[in-house]
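FYI, side chains are in, hydrogens and waters are out, and symmetry mates aren't considered; it's all heavy atoms of this structure. Predicted model, so just to flag it, every value in this text is computed and none were measured. Numbering of ligands and ligand atoms starts at 1, following listing order.
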Amino acid sequence: MASSNTVRAVAPVPGVREAWPRLDLIPHPPRRVPLLGDVLGTDRSRPLQDTVRRGSELGPIFRRKVLSFELVFVGGAELVADLSDESRFAKFVAPGIAALRPLAKDGLFTAHNHEPNWQLAHDVLAPGFSREAMAGYHRAMLDVADRLTGHWDTELAAGRPVDVPGDMTKLTLETIARTGFGHDFGSFERARPHPFVDAMVGYLSYAQRRTALPGPLAGLLGGRAADRRGERDLALLNDTVDEVVRARVADGRPGDGDLLDRMLETAHPDTGERLSLDNVRRQVITFLVAGHETTSGALSFALHYLSLHPEIAARAREEVDRVWGDVVSPGYEQVAKLRYVRRVLDESLRLWPTAPAFARVALEDTVLGGTHPMRRGAWALVVLPLLHRDPAVWGPEPERFDPDRFEAAAVRGRPAHVFKPFGTGARACIGRQFALHEATLVLGLLLRRYEFRPRPEYRLSVSERLTLMPEGLRLGLERRAPRPAPDEAVTAGR
Ligand code: HEM
């Protein structure tokens with residue numbers, strides 16, 4: 001298969017003034033401090049939400065500066081649609097992603113467009129996300145979901161609220177590890193998160209701190225201790241992945257055509273080339289990180305909104321009961337039929353796109369939105385929470401949680417490129433269908449089994465570690481009337 005996704009290479013323009021000849025047309029926060037930049041009133045622990053706040057005051061395109069380092073942000077729908085034009089723009093590995101390069105090097109997510117391993121890995125791995133492959137992962141997804149409900153039943157019996165982000169992270173890590181690499185981290189059997197998760201959270205937070213500030217200053221503020229911790233986390237992540245790969249190679253047995261099999265065994269259909277062992281290591285780490293953190297956040301936000309809106313939860317539950325009926329284990333085909341549950345998920349990803357920004361670089365000298373000249377190599381960050389709240393598209397109450405915004409007719413009535421939680425173009429998320437299938441299945445299973453009770457004192461607080469998560473979200477559970485016993489019920493074909 002010759003890929004049609006060939007992405008052109010382009011070097012970034014070093015200075016924002018050279019990159020954007022009419023920088024004066026792009027507003028910045030009013031109280032700019034000489035030498036320091038836009039530092040007054042900023043929240044360094046939540047840079048994304050800080051940027052969203054600024055953007056809602058400054059308009060569809062704006063810039064922010066720390067010391068000599070200045071970035072251009074775009075949140076308006078028309079400008080994002082223009083940046084989505086693949087003939088003039090492409091993905092840019094912005095500092096936030098570049099900070100993960102020591103970990104993931106030229107793995108799919110962090111690769112520069114011109115690195116040959118991107119195309120090779122993309123072509124080798126894309127079939128791992130086909131419909132057929134997805135149907136093959138369904139059984140493992142159900143098994144992991146069973147472990148979650150087993151754990152939640154225990155918490156419920158003990159009268160304890162459940163730790164939503166913690167448990168969703170266990171679920172999604174186990175799912176990608178099982179389906180992708182035949183590996184079991186035993187997350188639900190542990191009182192504390194698996195050390196891999198601690199190291200990953202530690203490394204993502206460290207990378208975020210390093211990107212919130214320009215290089216030398218980040219080093220100074222973070223200190224040697226933070227660097228040492230970063231190195232320790234990196235080593236643990238590498239060791240864990242090496243163990244997963246070593247076990248498969250030593251075992252000598254294929255893993256049911258999972259992602260690791262594809263990486264180790266599949267040659268490129270045109271060139272016959274294979275991924276090197278070092279690149280396989282980078283891809284495994286990429287999939288373990290990219291494949292669980294974002295889905296875990298998406299599920300957590302959806303559960304938060306379902307708990308706050310009993311009428312929406314009731315409608316979703318009615319759909320699950322109607323579509324799945326008495327079936328104990330829903331089959332692969334029955335997941336995509338949960339249209340309303342899927343809308344709940346989409347609406348959660350609209351308000352809180354868990355990978356909240358991506359960068360686009362100009363492939364040629366061009367004019368953004370007919371107004372802002374950009375040199376070839378100029379780049380901007382698309383801020384998804386702003387795009388997803390643009391009142392010109394989403395109406396006067398963009399903060400209101402309303403899954404009906406994703407009814408087919410409403411979607412058709414909106415312009416293209418206004419909902420981008422999975423990125424855009426050739427470098428958009430390869431795991432989109434995987435995430436949507438997993439999350440819809442799990443939401444369906446949880447809605448069918450439990451009623452969710454929000455804790456009255458909880459106010460949504462969103463933590464940032466490159467991805468977003470509802471911090472400290474706990475929910476009370478009530479068990480719904482039990483489903484029929486397995487021998488009375490029909491088990492769906494898979
Ligand atoms: C709700 C869940 C998810 C969200 C919101 C999400 C979001 C994104 C976004 C926005 C990008 C583009 C980043 C950019 O342009 O710089 C991306 C790329 C990517 N995602 Fe996801 N993702 C999710 C789940 C997954 C899953 C489950 C996997 C793997 C099983 C995965 C693997 C990847 C990979 C490998 C890339 C890089 C693709 C490439 O450049 O070729 N993601 N994702």
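Nearest protein heavy-atom contact of atom 41 (O) of ligand 1 is Trp118 NE1, 2.7 Å. When only non-hydrogen protein atoms are considered, atom 7 (C) of ligand 1 lies nearest to Pro421 O, 3.4 Å. If you check which protein heavy atom lies closest to atom 30 (C) of ligand 1, you get Ile176 CD1, 3.6 Å. The protein atom (non-hydrogen) at minimum distance from atom 38 (C) of ligand 1 is Ala428 O, 3.7 Å. For atom 26 (C) of ligand 1, the closest non-hydrogen atom on the protein side is Gly291 CA, 3.6 Å. Atom 13 (C) of ligand 1 has as its closest protein heavy atom Phe109 CE1, 3.8 Å. For atom 42 (N) of ligand 1, the closest non-hydrogen atom of the protein is Cys429 SG, 3.0 Å. Looking only at heavy atoms of the protein, atom 35 (C) of ligand 1 is closest to Ile430 CG2, 3.6 Å.
Residue Phe129 has no nitrogen or oxygen atom sitting less than 3.5 Å from a nitrogen or oxygen atom of ligand 1, judged on distance alone. For the pair Arg427 and ligand 1, the shortest N or O to N or O distance falls below 3.5 Å.
For Asp82 (side chain) and Gly369 (main-chain N/O), a donor-acceptor pair under 3.5 Å exists by modelled atom type. Formation of a donor-acceptor pair under 3.5 Å by the Glu464 side chain with backbone atoms of Ser45 is not found in this model. The backbone N or O of Met263 sits nowhere less than 3.5 Å from a side-chain atom of Gln283 that would complete a donor-acceptor pair. Not a single donor-acceptor pair under 3.5 Å links the side chain of Arg376 to the backbone N or O of Pro12. No donor-acceptor pair under 3.5 Å is formed between the side chain of Arg389 and the backbone N or O of Pro398. Side-chain atoms of Thr110 come within 3.5 Å of backbone N or O of Lys105 as a donor-acceptor pair.
Only the side chain of Phe358 comes within contact range of ligand 1, with a heavy atom under 4.0 Å; no backbone atom does. In Ile97, the part holding a heavy atom less than 4.0 Å from any atom of ligand 1 is the side chain.
Interface atoms of ligand 1 facing Thr354, defined by a heavy-atom separation under 4.0 Å, are 5 (C). In the vicinity of Phe434, heavy-atom distances shorter than 4.0 Å reach the ligand 1 atoms 27 (C). The contact set between ligand 1 and Gly423, taken as ligand atoms under 4.0 Å from a residue heavy atom, comprises 10 (C).
Look at Asp163 and Lys170 and you find no salt bridge, because none of the NZ, NE, NH1 or NH2 atoms lies under 4.0 Å from a carboxylate O. Ion pair Asp143/Arg147 not flagged as a salt bridge, since none of the NZ, NE, NH1 or NH2 atoms sits closer than 4.0 Å to an Asp/Glu carboxylate oxygen.
Taking the six-membered ring where the residue is Trp, Phe73 and Phe62 present parallel rings, their angle staying beneath 30° rather than reaching 60°.
In this structure, Arg414 satisfies the cation-pi test against Phe406, with its NZ or CZ atom closer than 6.0 Å to the six-membered ring centre and inside 45 degrees of the ring normal.
In this structure, CG in Leu306 is found 7.0 Å from OG in Ser348, a value given to the nearest 0.5 Å.
Among Thr294, Thr286, Thr424, the residue whose heavy atom lies nearest to atom 24 (C) of ligand 1 is Thr294. Checking His437, Glu293, Lys91 against atom 14 (C) of ligand 1, the nearest heavy atom belongs to Lys91.
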